[in-house]
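First up is the structure itself, then whatever we jot down about it.
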Amino acid sequence: MADKLNYKVGMIGALDMLRFKNMPKVREKAIQAASSAPLPKTLTTNEKAKQRHPEKQEVIVAEIRRNGADAKTIVLKTEDGSALAPFRAGQYISVCVPIGGTVTTRSYSLCSSPAWAKRGEYNITVKRDDAGFVSPYIQDHWVVGQHVTISGPQGHLYYERLRDAKKVIALAGGSGITPFMGMAYAIRDGFEDFDLTILFGSRTEDGIVYKKELDEVCAACDKVHVVHVLSDEEKPGYEHGFITAELIKKYGGEEYSVFMCGPQAMYNFLDGEIAKLGLRRKFVRRELFGMIKDPWNQPGYPEDIRGKTFNLKVIQCGRKYDITASADEPLLTSIERAGIVAPSRCRSGECSWCRSKLVSGKVFVPEKTDGRRRADIEFGYIHPCASFPMSDIVLDVPNSTLK
């Protein structure tokens, strides 16, 4: 027979046992004493989160003004003047653009002050690309008073004092000035505290976007400086040529961070120039790369698939669509062209908003725009905005909330 347990319960232990025994009575008493008012349907914390990080916002086009030779600044406002979601200078919004039977999105950097969001205003600038699909449509068809659906602020190209140097050298090309315009306003208005020198590349003086506004900010704030670099003209008061490592060194000083925003060709050139500077990796930041338009020029692209068309089966919330997809354009483009509304934000392989399950088939993902997590790569998830078909594809795509 097993020995009997022999233990003693001290005074404190006995009191604990008594409290536990009486707990139902204590709970019942607390319930009876509680208010009979209905419980709130939502929590303040959740409401604040919706205001600060909304999936979508509704605005109207309040003003359209020409800015440079081929760009237009578009002022977006809430109809009732209520605040828009706050943002860090340098972030972007994704704009929903229905064109015919296609619903697509484009990301545009916020080129307004974060202070203006409180009065319900964002500014974006759309540069015309005649070979593009969306920018000509916006410039030719958007009018004052029209309703537009936009996302909440997105992106990571903003100043962080724990990571970035106190001085930032911003490298901008054409409409790539837009995030730095927002930073300049933020420094002037006291939302940010760092020294900003913008090396702004343009073809000609007449083509400079935001020249007047930049001059005004520089005159009002001694922490913002702009150096214009003209590639096609030589004029007094301007640098001439391209933004090179030597030019960055000239204005950078001893320690600085480099922020970049511009077209793909500019990034391709600057990658080599910045490598000459020997900067620590954390001091080099770039805006979204954008959809790659020439995958055949990317390392690893199979030459034998160029120009080919494959079958693409899209599964979305139980519905199935059989369409075609070109090896020369991202899967997201083929999906949208077929009239399927797919989720997207950055269109650069970074934000994961379009993350979809590759059920079968093979895709080419350029290294420059492969922002997937290791687990996604292992378990067969891709970003359609940065993936090109190499065979027939079956893709499970989530539904879109931005429409």
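One is the number of the first residue; the rest follow in order along the sequence.
- Residues Pro136 and Asp130 approach most closely at CG-CA, 4.3 Å, considering heavy atoms.
- Aromatic rings of Tyr251 and Tyr256 (six-membered ring for Trp) have centroids beyond the 6.0 Å cut-off, not under it.
- Of the residues listed (Val103, Val341, Thr104), the one engaging Glu336 in a side-chain contact (heavy atoms from CB on, under 4.5 Å) is Thr104, and it is the only one.
- Ion pairing of Glu273 with Lys276 is present here, as a side-chain N (NZ or NE/NH1/NH2) and a carboxylate O approach within less than 4.0 Å.
- Comment: Asp140 engages Arg128 in a salt bridge, judged by a side-chain N to carboxylate O separation of less than 4.0 angstrom.
- Listed for the Arg285 side chain is no donor-acceptor partner under 3.5 Å among the backbone atoms of Ser257.
- The distance from atom CD1 of Ile169 to atom CD1 of Ile274, rounded to the nearest 0.5 Å, is 11.0 Å.
- In this structure, CG in Leu157 is found 7.0 Å from SG in Cys261, a value given to the nearest 0.5 Å.
- Using modelled atom types, one finds no donor on one side chain facing an acceptor on the other under 3.5 Å when comparing Tyr158 with Gln91.
- Closest non-hydrogen pair, Ala184 versus Val217, comes out as O-CG1, 3.7 Å.
- Between Val134 and the options Val97, Asp129, Thr102, Val126, a side-chain contact (heavy atoms from CB on, under 4.5 Å) holds for only Val97.
- Of the possible polar contacts, none joining the Asp189 side chain to the Phe191 backbone as a donor-acceptor pair under 3.5 Å is found.
- Checked by atom type and distance alone, the side chain of Asp392 pairs as donor or acceptor with a backbone atom of Asn311 at under 3.5 Å.
- Checking side-chain atoms of Arg372 against main-chain N and O of Tyr381 turns up a donor-acceptor pair under 3.5 Å.
- Geometrically, Arg286 engages Tyr267 in a cation-pi contact, judged by NZ or CZ lying under 6.0 Å from the ring centre and within 45° of the ring axis.
- Glu79 meets the side chain to side chain contact (heavy atoms under 4.5 Å, CB included) test with Ile60, His147; sequence neighbours excluded.
- In this structure, the side chain of Glu239 does not engage the main chain of Val229 through any donor-acceptor pair within 3.5 Å.
- With respect to the salt-bridge test (charged N to carboxylate O, under 4.0 angstrom), the residues Asp370 and Lys368 do not qualify.
- Ring geometry for His228 against Phe200 counts as tilted: the plane angle lies between 30° and 60°, on a 0 to 90° scale.
- A donor-acceptor contact closer than 3.5 angstrom links the side chains of Gln32 and Glu28.
- Within 6.0 Å of NZ on Lys118 lie no more than 12 heavy atoms contributed by other residues, nucleotides or ligands.
- Residues Asp195 and Lys166 are not paired through a salt bridge, judged by the lack of any N-O separation under 4.0 Å between the basic side chain and the carboxylate.
- Remark: Arg345 does not engage Glu350 in a salt bridge, criterion side-chain N to carboxylate O under 4.0 Å.
- In this model, no donor atom of one side chain and acceptor atom of the other lie less than 3.5 Å apart for Ser107 and Gln154.
- The main-chain N or O of Arg355 is never found under 3.5 Å from a side-chain atom of Ser352 such that the two would form a donor-acceptor pair.
- The closest donor-acceptor contact from the side chain of Ser391 to the backbone of Lys362 lies under 3.5 Å.
- Using modelled atom types, no side-chain atom of Glu121 and backbone atom of Ala115 make a donor-acceptor pair closer than 3.5 Å.
- Under the 4.0 Å criterion applied to side-chain N and carboxylate O atoms, Asp215 and Lys212 are not assigned as salt-bridge partners.
- His141 and Tyr137 have parallel rings, their planes meeting at less than 30° on a 0 to 90° scale where 60° marks the start of perpendicular.
- Of the inter-residue distances, the one linking Ser344 atom OG with Arg106 atom CZ reads 8.0 Å to the nearest 0.5 angstrom.
- With rounding to the nearest 0.5 angstrom, the OG1 atom of Thr149 is 3.5 Å from the CD atom of Glu58.
- Judged by distance alone, the side chain of Thr178 and the main-chain N or O of Cys111 form no donor-acceptor pair under 3.5 Å.
- Between Tyr108 and Tyr92, the distance separating the two ring centers is not shorter than 6.0 angstrom.
- Remark: Glu255 does not engage Lys167 in a salt bridge, criterion side-chain N to carboxylate O under 4.0 Å.
- Between the Asp328 side chain and the Gly307 main chain, a donor and an acceptor come within less than 3.5 Å of each other.
- Side chains of Thr73 and Thr125: a donor on one and an acceptor on the other come within 3.5 Å.
- A donor and an acceptor atom, one from each side chain of Thr204 and Asp206, are nowhere located under 3.5 Å apart.
- Taken from CD1 in Ile243 to OG in Ser231, the straight-line distance is 10.0 Å, to the nearest 0.5 Å.
- The salt bridge (Lys or Arg N to Asp or Glu O under 4.0 Å) test with Glu329 singles out one residue from Arg337, Arg306, Lys293, and that residue is Arg337.
- Arg347 and Thr105 form a side-chain donor-acceptor contact under 3.5 Å, judged by distance and modelled atom types alone.
- Atom NE2 of His156 is surrounded by 12 or fewer heavy atoms from other residues, nucleotides or ligands within 6.0 Å.
- Residues Gln264 and Asp294 have side chains that bring a donor and an acceptor to within less than 3.5 angstrom of each other.
- The aromatic rings of Tyr301 and Phe388 lie perpendicular to each other, with more than 60° between the two planes, well past the 30° mark.
- Rounded to the nearest 0.5 Å, atoms NZ (Lys211) and CD1 (Ile177) are 12.0 Å apart.
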